[in-house]
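Nothing fancy with the numbering, it's 1 onward along the sequence. Whatever order the structure lists them in is the order used to number ligands and atoms, beginning at 1.
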Amino acid sequence: MTSKGPEEEHPSVTLFRQYLRIRTVQPKPDYGAAVAFFEERARQLGLGCQKVEVAPGYVVTVLTWPGTNPTLSSILLNSHTDVVPVFKEHWSHDPFEAFKDSEGYIYARGAQDMKCVSIQYLEAVRRLKVEGHRFPRTIHMTFVPDEEVGGHQGMELFVQRPEFHALRAGFALDEGIANPTDAFTVFYSERSPWWVRVTSTGRPGHASRFMEDTAAEKLHKVVSSILAFREKEWQRLQSNPHLKEGAVTSVNLTKLEGGVAYNVVPATMSASFDFRVAPDVDFKAFEEQLQSWCQAAGEGVTLEFAQKWMHPRVTPTDDSNPWWAAFSRVCKDMNLTLEPEIMPAATDNRYIRAVGVPALGFSPMNRTPVLLHDHDERLHEAVFLRGVDIYTRLLPALASVPALPSDS
Ligand SMILES: CSCC[C@H](NC=O)C(=O)O
Ligand SMILES: [Zn+2]
Ligand SMILES: [Zn+2]
């Protein structure tokens, strides 16, 4: 792949790079600059613009292209504006400079996750508008804060607001993940994040003695049970080529806390785990399993949840779903190979699906290594521009899906 010189850069790429330079990086994102950027896009494109402050300082910006038939439900194109932090010393280029190398790779935090998608939506709409198209269904683009830290001050609140219901979303698109092969990954469901802290209490005392009933030995038992479960799920994934990562439950031990001195046996210790529970799991039985591992470890071992998503939803990927039919038809017409999967991580799509809106996770990046949250996150400009082409075909099809029973 080669790139054009700076003087002939495609304007969509220039806009993408401008957006990448806005420092919406956690934990202190410059949301004000992002909102101003989208307001300016609305002005330039002649789109409606609404700002909904879902929590103090947390604004959802909604850009609207009205359809010709207001009785129909709308298409919601969602993207988050925040990006994850960087370890600057591990980057080849400043992650907020949007440097483009001689081959056409654009290096920036958010290049894949998911500032590319925000600009692709906008540029597809711009092209279709310039060409004079109108479609029956309204298209809303929502630019939301806070996704990278869970969406609790973003989409989780927005879906409960009257402004969200007024959008009358019938179908939504949100982010996916790059695919290194020629195929494109599309996500129809998500695993549920359960963040669990196990606290173990036991007898304190002098660490020179063979203490019994210690916090550490009981915590060790729980850690062993959970890591054995992890190994079982890992083997299940490894041994079945039909299973993708999102179809099994994962867990990682992410924190160990406790203790004050080498020679003091502490009375309490804790371990924190990030579980991602597959959508076909019996949640009640799984929680009972966690409890029983704690009980089996001995007295005084308890667990608490820091995050516990209980509403997994699956968007059908067969022709019973007219949105899927339209989406997959366009991909087929464009000769794109789709790989439908369950999202291993958590995105704002879980909130959208939970309020009854069918949704797909799709970031059109094929032949691209998965670099979201990684050092040297980058995207080739040709892949980015191909993504604009893809949305330019998808939007007319989705916004022209004939009236559905759910529309009335
Ligand atoms: C569970 S809330 C955190 C959400 C976060 N989303 C993207 O990386 C994730 O860790 O999946
Ligand atoms: Zn993301
Ligand atoms: Zn992310």
Undergrad: Is the Zn ion (ligand 3) less than 2.8 Å from an N/O/S atom of Glu175, whether that atom is in the backbone or a side chain?
TA: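 So Glu175 does not bind the Zn ion (ligand 3) by this criterion.
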Undergrad: Just wondering, more than 12 heavy atoms not from Arg161 lying within 6.0 Å of its CZ?
TA: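 Yes, CZ of Arg161 has more than 12 neighbouring heavy atoms, counting only those of other groups under 6.0 Å.
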Undergrad: For the NE2 atom on His152, are there more than 12 heavy atoms of other groups (residues, nucleotides or ligands in this structure) within a distance under 6.0 Å?
TA: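 Counting neighbours around NE2 of His152, more than 12 heavy atoms of other residues, nucleotides or ligands fall under 6.0 Å, so yes.
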Undergrad: Looking just at side-chain N and O atoms, do Gln50 and His140 make a donor-acceptor pair shorter than 3.5 Å?
TA: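 Absent: no donor and acceptor within the cut-off.
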Undergrad: Write out the protein residues near ligand 1, meaning a non-hydrogen atom under 4.0 Å from one of its atoms, in order of chain and number.
TA: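 Contacts of ligand 1 under 4.0 Å: Glu147, Glu148, Gly150, Pro193, Trp195, Arg276, Gln307, Ala345, Ala346, Arg350, His373.
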Undergrad: Using a cut-off of 6.0 Å, state whether more than 12 heavy atoms not belonging to Arg236 lie near its atom CZ.
TA: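 Yes, because the 6.0 Å sphere around CZ of Arg236 holds more than 12 heavy atoms from other groups.
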Undergrad: Which value, rounded to 10°, describes the OE1(Glu148)-the Zn ion (ligand 3)-NE2(His373) angle?
TA: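 Value, to the nearest 10 degrees: 90°.
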Undergrad: Look at Asp113 and state whether any of its N, O or S atoms is less than 2.8 Å from the Zn ion (ligand 2).
TA: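 Checking Asp113: at least one N, O or S atom is under 2.8 Å.
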Undergrad: Can you tell me if Lys232 has over 12 outside heavy atoms packed within less than 6.0 Å of its NZ?
TA: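 Atom NZ in Lys232 is not packed in, count stays at 12 or less.
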Undergrad: Scan side-chain atoms only and decide if His80 and Asp113 contain a donor-acceptor pair under the 3.5 Å cut-off.
TA: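 Yes, side-chain donor-acceptor contact under 3.5 Å.
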Undergrad: If you look only at pairs with a residue in residues 346-370, which of them pass as a ring pair (Phe, Tyr, Trp, His ring centres under 6.0 Å), with sequence neighbours excluded?
TA: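 Of all non-adjacent pairs touching residues 346-370, those that pass ring pair (Phe, Tyr, Trp, His ring centres under 6.0 Å) are Trp309-Tyr351, Phe327-Phe362.
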